[in-house]
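For reference, the structure is listed below as structure tokens.
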Amino acid sequence: AEKDIVTTAVEAGSFKTLAAALKAGGLIETLQGKGPFTVFAPTDEAFAKLPAGTVETLLKPENKGQLVSVLTYHVVAGKVAAAQVVKLDAAATVNGQRVNIKVEEGNVRVDQATVVKADIHCSNGIIHVVDQVLLPSGDNIPATAAKAGTFKTLLAAAKAAGLVEVLSGDKPLTVFAPTDEAFAKLPAGTVESLLKPENKAKLAAILTFHVVPGRVFSGDVLSKKELKTVQGGMLTAAMKNGAATINGAGLIATDIDASNGVIHVIDSVMLPPAATAKTSHVTPAKAQYVAHVCPTSGRVTYSLAQPACRE
């Protein structure tokens, strides 16, 4: 009879570090629960490839939060067999962040790791063995934006509006982040005026109009069509000549993971309507979009996936 994920991994004998980590992270019971779960399981060799001391540091009680973040990044809810995995370009993990999936020369790659053995069936899910430990982003939204180097104005504005703490919190957020070039497109003097202390409330309203609660990845942005912002106003996603827009701003890059959310890069600053009149919203049928990355420019375009006809 099939055994649960943890028992299967322990009995295989090549996942001692993973088993020790699951124990230290208090996740044994969860992964012995009914699930089902899909686990990308790094071998002992995979853990040994991490820089010296990494595993020991993660196993210390004071680093339990970080350890759990790493381990849950290897777990996807549901039972996803290899045949389904190869059709995906990303999968949301229990951590909240997404792993990227691609097939290269017959190998399935999950982030930087390669699946070396697939479809080990367990009573409560399935294991795919990987040759590297998958590491989620450890940087929060402001730190991720700072490292990118193209959001200096946005970060200065967040600081002036007193929003850095909110954007660094534990509650997941989705940020539509205008680049420095996007801010530069505003009429001359606009940014300087908004950064003045007396305009703090106005600045905060503009910035929170770029923030949506929860992690909303690009496919969901397009299928939902409308998103309610932290500011209260609505954002509308649309397709224009194969390119995705949100409130008219072009999406330059999408699905940049941060430890507490996701960033989509936009080419214009979105301004909230001065006063939103209450209108009745008709919910359109959910449309599914498929992302295509242009190999030369790296620009993401989206096309409407044809819904399956019901007999």
Side-chain angles (χ1 to χ4, degrees), residues 5-6 8-28 30-31 37-76 85 88-105 107-118 120 127-151 155 167-170 172 215 253 255-263 298:
I5 289 169
V6 178
T8 305
V10 168
E11 288 183 359
S14 47
F15 303 100
K16 292 186 179 72
T17 315
L18 177 62
L22 290 170
K23 192 175 175 188
L27 293 171
I28 298 266
T30 308
L31 289 178
F37 303 107
T38 299
V39 176
F40 294 102
T43 57
D44 292 335
E45 281 178 13
F47 276 101
K49 286 185 201 171
L50 291 171
T54 308
V55 175
E56 292 74 8
T57 305
L58 282 171
L59 292 177
K60 287 182 178 163
E62 62 266 32
N63 297 326
K64 187 176 173 181
Q66 200 185 343
L67 176 65
V68 169
S69 167
V70 171
L71 292 173
T72 52
Y73 188 61
H74 291 76
V75 183
V76 173
V85 173
L88 302 173
D89 55 12
T93 67
V94 173
N95 162 298
Q97 297 183 43
R98 296 210 309 190
V99 285
N100 294 317
I101 296 168
K102 57 178 186 277
V103 180
E104 280 180 345
E105 296 165 8
N107 290 321
V108 179
R109 308 267 298 184
V110 181
D111 281 356
Q112 309 306 316
T114 301
V115 174
V116 288
K117 190 174 179 188
I120 298 169
I127 295 173
H128 303 299
V129 184
V130 289
D131 67 352
Q132 284 190 36
V133 176
L134 311 176
L135 295 171
S137 169
D139 293 322
N140 62 23
I141 291 167
T144 303
K147 277 189 179 173
T150 46
F151 303 102
L155 289 165
L167 294 174
S168 307
D170 291 337
R215 272 189 172 90
D255 303 322
I256 298 165
D257 271 315
S259 60
N260 63 337
V262 61
I263 297 172

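Just so we're clear, the structure is a prediction, and the values are computed from it rather than from any experiment.
Listed by chain and residue number, nothing satisfies the ring pair (Phe, Tyr, Trp, His ring centres under 6.0 Å) test with Phe37 (two or more places apart in sequence, or in another chain). Shown here are the salt bridge (Lys or Arg N to Asp or Glu O under 4.0 Å) partners of Arg215, two or more places apart in sequence or in another chain: there are none. The side-chain hydrogen bond (donor to acceptor under 3.5 Å, both in side chains) check on Thr114 picks up Arg109, with sequence neighbours excluded. Glu105 is linked by a salt bridge (Lys or Arg N to Asp or Glu O under 4.0 Å) to nothing, counting only residues two or more places apart in sequence or in another chain.
Put simply, the side chain of Thr93 does not reach to within 4.5 Å of the side chain of Arg98, judged on heavy atoms. Contact of the Asp257 side chain with the Pro136 side chain is not registered, since no non-hydrogen atoms from C-beta on lie closer than 4.5 Å. Under the 4.5 Å side-chain criterion, counting only non-hydrogen atoms from C-beta, Ile141 is not in contact with Ser168. At a threshold of 4.5 Å between non-hydrogen side-chain atoms, the residues Val110 and Val115 count as touching. Looking at Leu71 and Leu67, their side chains come closer than 4.5 Å, going by heavy atoms from C-beta outward. Inter-residue side-chain proximity for Thr38 and Val75 is flagged as unmet; no heavy-atom pair is nearer than 4.5 Å. For the pair Val70 and Leu135, the minimum side-chain heavy-atom distance is below 4.5 Å. Counting heavy atoms from C-beta on, the side chains of Leu155 and Pro142 come closer than 4.5 Å.
Looking at every heavy atom in both residues, Ala113 comes nearest to Leu134 through CB-CD2, 3.6 Å. Listed here is the closest heavy atom pair of Leu31 and Ile5: O-CB, 3.8 Å. The nearest pair of heavy atoms linking Ser137 to Thr144 is OG-OG1, 4.3 Å. Nearest heavy atom pair, residue Leu59 against residue Ala24, reads CD2-CB, 3.8 Å. Considering every non-hydrogen atom in both Asn140 and Ala258, the closest pair reads C-CB, 3.9 Å. The heavy-atom pair separating Leu88 from Ala91 by the smallest distance is CD1-CB, 4.4 Å.
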ring-ring contact (aromatic ring centres under 6.0 Å, His included) assessment of Phe40 paired with His74: CA-CA 5 Å; Phe40 294 102; His74 291 76; 8.1 Å; no

Side chain to side chain contact (heavy atoms under 4.5 Å, CB included), that's the test. Do Leu18 and Phe47 meet it? Break it down for me. CA-CA 8 Å; Leu18 177 62; Phe47 276 101; 3.8 Å; yes

Check against side chain to side chain contact (heavy atoms under 4.5 Å, CB included), Ile101 and Asp89: CA-CA 5 Å; Ile101 296 168; Asp89 55 12; 5.8 Å; no

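Under the 3.5 Å distance criterion, the side-chain polar atoms of Asp111 are matched with a main-chain donor or acceptor of Asn100. Side-chain atoms of Asn260 come within 3.5 Å of backbone atoms of Leu167 as a donor-acceptor pair (strictly under, hydrogens ignored). In this structure, Asn63 contributes its side chain and Gln66 its backbone to no donor-acceptor pair below 3.5 Å.
Residue pairs that meet the salt bridge (charged side-chain N to carboxylate O under 4.0 Å, His left out) test with at least one member in residues 129-148, sequence neighbours left out, are Asp139-Lys147. A side chain to side chain donor-acceptor pair (under 3.5 Å) check over residues 42-58, counting only residues at least two apart or in different chains, returns the pairs Thr17-Asp44.
Note that the CD1 atom of Ile120 and the CD1 atom of Ile127 stand 5.5 Å from one another [nearest 0.5 Å].
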